[in-house]
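This report refers to the structure that appears directly beneath it.
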Amino acid sequence: MKPYIYITRKLPEYVIAPLQKEFEVEMWNQEDAPVPRDTLLSKAEKASALLTMLSDKVDQELLQNAASLKVVANLAVGYDNIDLEAARKNGVTITNTPDVLTETTADLTFALLMATARRIVEADRYIKEGKWKSWSPLLLAGMDIHHKTLGIVGMGSIGEAVARRAKGFNMDVLYHNRSRKPEAEQSVGVRYASFDELLAQSDFVVVLAPLTKETEGMFQEDQFNKMKESAIFINAARGPIVNETALEKALKMGEIAGAGLDVFETEPVNKEHPLLQLNQVVAIPHIGSSSKETRHAMMALCVENIFSVLKGDQPKTAVK
Ligand code: NAP
């Protein structure tokens, strides 16, 4: 019997064609809706490989009932949806999609920063709603980006790519990680700062750390209090890093000036979400790596990783 592979979202046929030549492949049949939990659990029971999305929970319950499972290829660089410890215990290799999405996610993060600072979404709405009657000196006046200070919390691959973009805008770039990156300090020209220093000095605070036990809830009332009143907060990492109630309060009280959000505590959000009611918030639906080129590269990398593990080779991008 051929090994069975389950793919949790409808992907283009040509992406999975190479797998179909050698394995039995089944796919969840919807593009816009996640696979129901029960279906995922029952498919996992007989699968040798799963190709998963960040919205699928790969936890102890799933892993301990998946006797044939050898690999879970997650279509994302983040893997906070996966219980790594349980995977290790059950001998399941986890792979992700680093690097191929770095520049695309950095483009989006910088676009979100610019859109928030220069009020692009509000301006678009204003003109389309027929409100533009005359030029006026402070019409939709935003905030400068060039020569300002950018603080990156979690400066890994994507953070560094954002820092390089910022340098092109003559920005002063601070970063905060658990460990310093002397090479990036030299090559990109960034400065290390403590978390508190970064919050106090930055005009733009950009979060690009992974969601872990340590980073969950890293931004609370206290952190927004420490930021400049003119500061703009950008989250392109994961929603639960931020306490959204605290963020809403900080925006309403004028403790910070604006926010650009690609991610939310619980996704998807509906249009009644309190942060979406604020003009100074630019919100987009978790599309950081979503360019056609990059999404195809991510899918191809998942397929390659599944092939490698099922053939007994080392996958290109295993999560350590
Ligand atoms: P990466 O290269 O692993 O970088 C992560 C950085 O975060 C590392 O430099 C790490 O440095 C730092 N970090 C980890 N824990 C930290 C902590 N407690 N405090 C401060 N810094 C910490 O990953 P990446 O490829 O740049 O991706 C980063 C994250 O972006 C992913 O995990 C994912 O959640 C998110 N992402 C979102 C989208 C989207 O669509 N919005 C797309 C791609 C990625 P130290 O280990 O030295 O602390």
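Numbering of ligands and ligand atoms starts at 1, following listing order. Quick caveat: nothing in here was measured; it's all calculated off a predicted structure.
Between Tyr192 and His176, the ring-plane angle classifies as tilted under the 30° and 60° cut-offs.
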Give every pair made of an N or O atom of ligand 1 and a protein N or O atom lying under 3.5 Å apart, one pair per line with both atom names and the distance to 0.1 Å, or write 'none'.
unit_1: ligand 1; atom_1: 2 (O); unit_2: Ser157; atom_2: N; d: 2.9
unit_1: ligand 1; atom_1: 2 (O); unit_2: Ser157; atom_2: OG; d: 3.2
unit_1: ligand 1; atom_1: 9 (O); unit_2: Met155; atom_2: O; d: 3.2
unit_1: ligand 1; atom_1: 9 (O); unit_2: Gly156; atom_2: N; d: 3.2
unit_1: ligand 1; atom_1: 9 (O); unit_2: Asn177; atom_2: ND2; d: 3.0
unit_1: ligand 1; atom_1: 11 (O); unit_2: Asn177; atom_2: ND2; d: 3.3
unit_1: ligand 1; atom_1: 15 (N); unit_2: Arg178; atom_2: NE; d: 3.4
unit_1: ligand 1; atom_1: 26 (O); unit_2: Ser157; atom_2: N; d: 3.2
unit_1: ligand 1; atom_1: 26 (O); unit_2: Ile158; atom_2: N; d: 2.9
unit_1: ligand 1; atom_1: 34 (O); unit_2: Arg238; atom_2: NH1; d: 3.3
unit_1: ligand 1; atom_1: 40 (O); unit_2: His286; atom_2: NE2; d: 3.4
unit_1: ligand 1; atom_1: 40 (O); unit_2: Gly288; atom_2: N; d: 3.1
unit_1: ligand 1; atom_1: 41 (N); unit_2: Ala236; atom_2: O; d: 2.9
unit_1: ligand 1; atom_1: 41 (N); unit_2: Asp262; atom_2: OD2; d: 2.7
unit_1: ligand 1; atom_1: 46 (O); unit_2: Arg178; atom_2: NH2; d: 2.8
unit_1: ligand 1; atom_1: 47 (O); unit_2: Ser179; atom_2: N; d: 3.0
unit_1: ligand 1; atom_1: 47 (O); unit_2: Ser179; atom_2: OG; d: 2.4
unit_1: ligand 1; atom_1: 48 (O); unit_2: Arg178; atom_2: N; d: 2.8
unit_1: ligand 1; atom_1: 48 (O); unit_2: Arg178; atom_2: NE; d: 2.8

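With contacts defined as side-chain heavy-atom distances shorter than 4.5 Å, the pair Glu221/Met253 does not qualify.
Side-chain atoms of Glu45 and Asn65 form no donor-acceptor pair, as typed in the model, at a separation below 3.5 Å.
Listed for the Asp262 side chain is a donor-acceptor partner under 3.5 Å among the backbone atoms of His286.
Summarising the geometry, atom CG belonging to Leu150 is positioned 8.5 Å from atom CG belonging to Leu198; distances are rounded to the nearest 0.5 Å.
In summary, the aromatic rings of Tyr4 and Phe23 are positioned with their centroids too far apart to meet the 6.0 Å limit.
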